[in-house]
Amino acid sequence: ARLAYSAEQISVPVCSSLQVPALQLHVSKTAMRASQKDFESALSQVKLLKDPGNEVKLKLYALYKQATEGPCNTPKPGVFDLINKAKWDAWNALGSLPKETARQNYVDLVSGLSSSSDSSSQVKPEADRKQPGYETLVVTSEDSITKIMMNRPAKKNAMTTQMYNEIMLALKAASKDDSAITVLTGNGDYYSSGNDLSNFTDIPPEGIEEKAKSGAILLRDFVDCFIDFPKPLIAVVNGPAVGISVTILGLFDTVYASNRATFHTPFSHLGQSPEGCSSYTFPKIMGPAKAAEMLIFGKKLTAAEACAQGLVTEVFPDSTFQKEVWTRLKAYSKLPPNAMRISKQVIRNREKEKLHAINAEESRVLQERWLSDECTNAVMNFLTRKAKL
Ligand SMILES: CCCCC/C=C/C(=O)SCCNC(=O)CCNC(=O)[C@H](O)C(C)(C)COP(=O)(O)OP(=O)(O)OC[C@H]1O[C@@H](n2cnc3c(N)ncnc32)[C@H](O)[C@@H]1OP(=O)(O)O
């Protein structure tokens, strides 16, 4: 019955009954001097507040009636007269609360609502809301949404070792913060161009084998964070996506894409092999034949194709992408967070162990691939391509 009340249904009767001239208030003279002024000012203030929701409006209604008329003195409305019954119940629940106390409680409630609406209406610029400690990301939390934005637009958000580590940190923090949902997105024209190929040039003194080994550990830890992430995880794919930024999409709960986005995993071209659990999630999502075309032959999909094949949830025109997606996400973020988290667990938990094993295997195979001539030549070709032009 509570859910059946719209804000409008409640607000009309509650607000109209608040518009009672102050002179009609039957309060004692001593109490009047101190708090009638406050009460009157609270009555004016309440009209300026943002809709505080039905529960608060019922409290306000009950306190107002108690303050002005005393204990509930009208017959109980019928069971199907839902709104009037809820109002009557709220008033009746105040029992024999003295009028003065009810008036004071009303004033306190309005004052609390005013200060919280003041602070929530002050929208800070993104720079102020930005969480500190990240160099390759911009991480912000508001409206119960933690947004992790890859922030190397000049390099098409290519993922450096530092970015992998920062994304893991941000995901771990988001899993414990009070946000309901978490979003990964990219700054600039790309979502991400995948692994930063210059990662391969940073060879430690212990040699290339050690580099491949630490790369495989990093990859495994990184993908594990996505497998284990406990809250709804949404990719807002603002532009083209390449390599690992595509493969991990199979571990997200929802993928929204701009119609400018493309999805490309050129592993064979790079002498590499699939990661991000895509060797399992892609055939499951799109069937083995379509998955093979992407993962073995590097076929690039448009956003519409990726959506038709189930990798993308919905595609939006680029001109309205941000507005439409964030409006929707803000609405989703208001859903009960525990229910969303539990639903995700029910959907994902039985696969977790399998996904961890797949991740370990893919990382092991890639570790070997990174030492191959095919991979070394492809990476060198990319890194020297401009010099050759
Ligand atoms: C440890 C975990 C490992 C996980 C294994 C992951 C595997 C993968 O992700 S495989 C996929 C790797 N990515 C690629 O192969 C993409 C390589 N990049 C490109 O093909 C192109 O840059 C492009 C198609 C993404 C964009 O082309 P274009 O519009 O022509 O722009 P530029 O090439 O001029 O790029 C601007 C700037 O950014 C640098 N850059 C872009 N992507 C990467 C990258 N993935 N790695 C390193 N650098 C990248 C590019 O070199 C340009 O830099 P400047 O020349 O200094 O301006």
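Both ligands and their constituent atoms are indexed starting at 1 by order of listing.
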J.: So is there a nitrogen or oxygen of Val242 less than 3.5 Å from a nitrogen or oxygen in ligand 1?
T.: no
J.: Compute the shortest N/O to N/O distance between Lys155 and ligand 1 and return yes if it is under 3.5 Å, no if not.
T.: yes
J.: I need the atoms of ligand 1 closer than 4.0 Å to a non-hydrogen atom of Ala154, numbered in the order shown.
T.: 36 (C), 37 (C), 38 (O)
J.: Just going by heavy-atom distances, which of Asn195, Leu270, Thr160 is nearest to atom 9 (O) of ligand 1?
T.: Asn195
J.: Please state which part of Phe382 comes within less than 4.0 Å of ligand 1, counting heavy atoms only: side chain, backbone, both or neither.
T.: side chain
J.: List ligand 1 atoms under 4.0 Å from Tyr190, heavy atoms only on the residue side.
T.: 23 (C), 24 (C), 25 (C), 26 (C)
J.: Is there a polar contact, in the sense of an N or O pair closer than 3.5 Å, between Ile244 and ligand 1?
T.: yes
J.: Taking 4.0 angstrom as the limit and counting only heavy atoms of Gly194, give me the atoms of ligand 1 inside it, by number and element.
T.: 9 (O)
J.: Where does Glu275 meet ligand 1, judged by heavy-atom distances below 4.0 Å: at the side chain, the backbone, both, or neither?
T.: side chain
J.: I need the single residue from Gln131, Lys147, Lys130 that forms a side-chain contact (heavy atoms from CB on, under 4.5 Å) with Val138. Which is it?
T.: Lys130
J.: Is it true that Arg385 lies under 4.0 Å from ligand 1, counting heavy atoms only?
T.: yes
J.: Is the shortest distance from a heavy atom of Tyr164 to ligand 1 less than 4.0 Å?
T.: yes
J.: Name the residue from Tyr332, Trp326, Phe316 that meets the ring-ring contact (aromatic ring centres under 6.0 Å, His included) definition with Tyr256.
T.: Phe316
J.: State whether the shortest distance between N or O atoms of Ser198 and N or O atoms of ligand 1 falls below 3.5 angstrom.
T.: no
J.: Which of these passes side-chain contact (heavy atoms from CB on, under 4.5 Å) with Val246: Leu311, Thr262, Val255, Leu301?
T.: Leu311
J.: Should the pair Phe226 and Phe252 be assigned to parallel (<30°), tilted (30 to 60°) or perpendicular (>60°) ring geometry?
T.: tilted
J.: Does Thr265 approach ligand 1 within less than 4.0 angstrom via side chain, backbone, both or neither, non-hydrogen atoms only?
T.: neither
J.: Within the 4.0 Å heavy-atom shell around Ala158, which atoms of ligand 1 are there?
T.: 43 (C), 44 (C), 45 (N), 46 (N)
J.: Can you tell me if Ser198 uses its side chain to pair, donor with acceptor, with the backbone of Thr201 under 3.5 Å?
T.: no
J.: Under 3.5 Å between any N/O of Ser193 and any N/O of ligand 1: does that happen in this structure?
T.: yes
J.: With heavy-atom distances below 4.5 Å as the criterion, would you say the side chains of Asn359 and Ile227 are in contact?
T.: yes
J.: Heavy-atom contact check, 4.0 Å cutoff: does Phe200 meet ligand 1?
T.: no
J.: Is it true that a side-chain atom of Asn199 and a backbone atom of Asp196 form a donor plus acceptor pair closer than 3.5 Å?
T.: yes
